[in-house]
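Here the structure is laid out as structure tokens; the discussion comes afterwards.
Note that these values count all heavy atoms, side chains included, but never hydrogens, waters or copies made by symmetry. Letters go in sequence order (proteins before strands), and every chain restarts at 1.
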Amino acid sequence: MSEFATIVRSVVASIPAGSVMTYKEVAIAAGNPQAARAVANIMAANYDEAIPCHRVIRSKGGLGGYNRGGTSAKANILKGEGVVLYKQHVHF
DNA sequence: GCGCTGACTGTCA
DNA sequence: ATGACAGCCAGCG
């Protein structure tokens, strides 16, 4: 794996419960502000239980996707952690 | 090593 | 306010 992927995982794993980060923010934190797609790809292709991908959302507030139960499960988990959701979109 | 795909984003029409 | 287009990057066949 590349260093980028490692940093991305670390960043995502560092997101506290009740908080969320956008793919863009994660990409920036990983050192590549333009690599939002790559971040999403890493999440989708290399999911790990230690990596709370459900706390990573789209810049528009959409949940994006989830490879472990679907968007619905993702929304449910976020809501359970204290994130305010409104019809599957994060309420900033 | 090349080309396609995707849980994206921002801008233009 | 929607919809379409293009730019961007890493992973996989």
Side-chain angles (χ1 to χ4, degrees):
Chain A
M1 80 181 67
S2 61
E3 184 181 77
F4 178 72
T6 305
I7 299 175
V8 170
R9 293 187 195 176
S10 184
V11 172
V12 177
S14 300
I15 303 174
S19 297
V20 293
M21 285 182 74
T22 64
Y23 292 97
K24 191 76 187 268
E25 290 297 299
V26 176
I28 294 172
N32 292 317
Q34 308 296 75
R37 296 185 79 167
V39 173
N41 193 11
I42 293 169
M43 300 284 97
N46 226 359
Y47 178 75
D48 197 313
E49 58 181 270
I51 305 172
C53 316
H54 59 267
R55 292 181 190 151
V56 184
I57 59 174
R58 298 193 47 161
S59 63
K60 278 103 173 169
L63 299 179
Y66 197 50
N67 62 1
R68 202 185 175 199
T71 358
S72 302
K74 183 171 181 177
N76 187 38
I77 296 170
L78 288 174
K79 192 169 185 177
E81 292 185 345
V83 179
V84 181
L85 301 179
Y86 187 74
K87 297 192 187 297
Q88 287 191 335
H89 76 277
V90 178
H91 189 274
F92 293 105

Round to a whole Å and report the spacing from [atom1] of [X] to [atom2] of [N].
| X | N | atom1 | atom2 | value |
| --- | --- | --- | --- | --- |
| A:I57 | B:dT9 | CD1 | C1' | 14 Å |
| A:N67 | B:dG6 | CG | P | 14 Å |
| A:R37 | B:dT9 | CZ | P | 10 Å |
| A:I77 | B:dA7 | CD1 | C1' | 14 Å |
| A:L78 | B:dA7 | CG | C1' | 13 Å |
| A:I42 | B:dT5 | CD1 | P | 20 Å |
| A:N41 | B:dT9 | CG | P | 14 Å |
| A:N32 | B:dT9 | CG | P | 15 Å |

Between A:R58 and A:A38, whichever has its closest DNA chain B nucleotide further toward 5' is A:A38
Pairing annotation in dot-bracket form, given for DNA chain B with Watson-Crick or G-U pairs under 3.5 Å and | for cross-strand partners:
.|||||.||||||
Under 4.0 Å, counting only non-hydrogen atoms across every strand here, what does A:F4 touch: a base, just sugar-phosphate, or nothing?
sugar-phosphate
Please work out if A:A5 contacts a base, only the sugar-phosphate, or nothing of the nucleic acid, heavy-atom cut-off 4.0 Å.
sugar-phosphate
Between B:dA7 and A:Y66, counting only base atoms on the nucleotide and side-chain atoms on the residue, is there a donor-acceptor pair under 3.5 Å?
no
What heavy-atom pair brings A:A30 and A:F4 nearest, and what distance separates the two atoms?
CB-CE1, 3.3 Å
For A:A75 and A:L63 the tightest heavy-atom approach is CB-CD1, 3.2 Å
Under 4.5 Å between side-chain heavy atoms, hopping through other hydrophobics if needed: is there a path connecting [X] to [Y]?
| X | Y | result |
| --- | --- | --- |
| A:Y23 | A:M21 | yes |
| A:L78 | A:F92 | yes |
| A:V11 | A:I51 | yes |

Listed partners of [X] passing side-chain contact (heavy atoms from CB on, under 4.5 Å), at least two apart:
| X | value |
| --- | --- |
| A:S19 | A:I15, A:P16 |
| A:I77 | A:H54, A:Y66, A:E81 |
| A:R37 | none |

Pairs: protein N or O with nucleotides 10-13 of chain B N or O, under 3.5 Å:
none

Distance in Å, [X] [atom1] paired with [Y] [atom2], rounded so as to fall on 0.5 Å steps:
| X | Y | atom1 | atom2 | value |
| --- | --- | --- | --- | --- |
| A:K24 | A:K60 | NZ | NZ | 10.0 Å |
| A:I42 | A:C53 | CD1 | SG | 10.5 Å |
| A:K74 | A:R55 | NZ | CZ | 11.5 Å |

Let's go through A:V90 and A:L85 carefully: what are the C-alpha distance in whole Å and the side-chain angles of both, what is the deciding distance for side chain to side chain contact (heavy atoms under 4.5 Å, CB included) to 0.1 Å, and is it a yes or a no?
CA-CA 5 Å; A:V90 178; A:L85 301 179; 3.8 Å; yes
Using chain A heavy atoms and a threshold of under 4.0 Å, write down where along DNA chain C the contacts begin and end, 5' to 3'.
C:dG7 to C:dG11
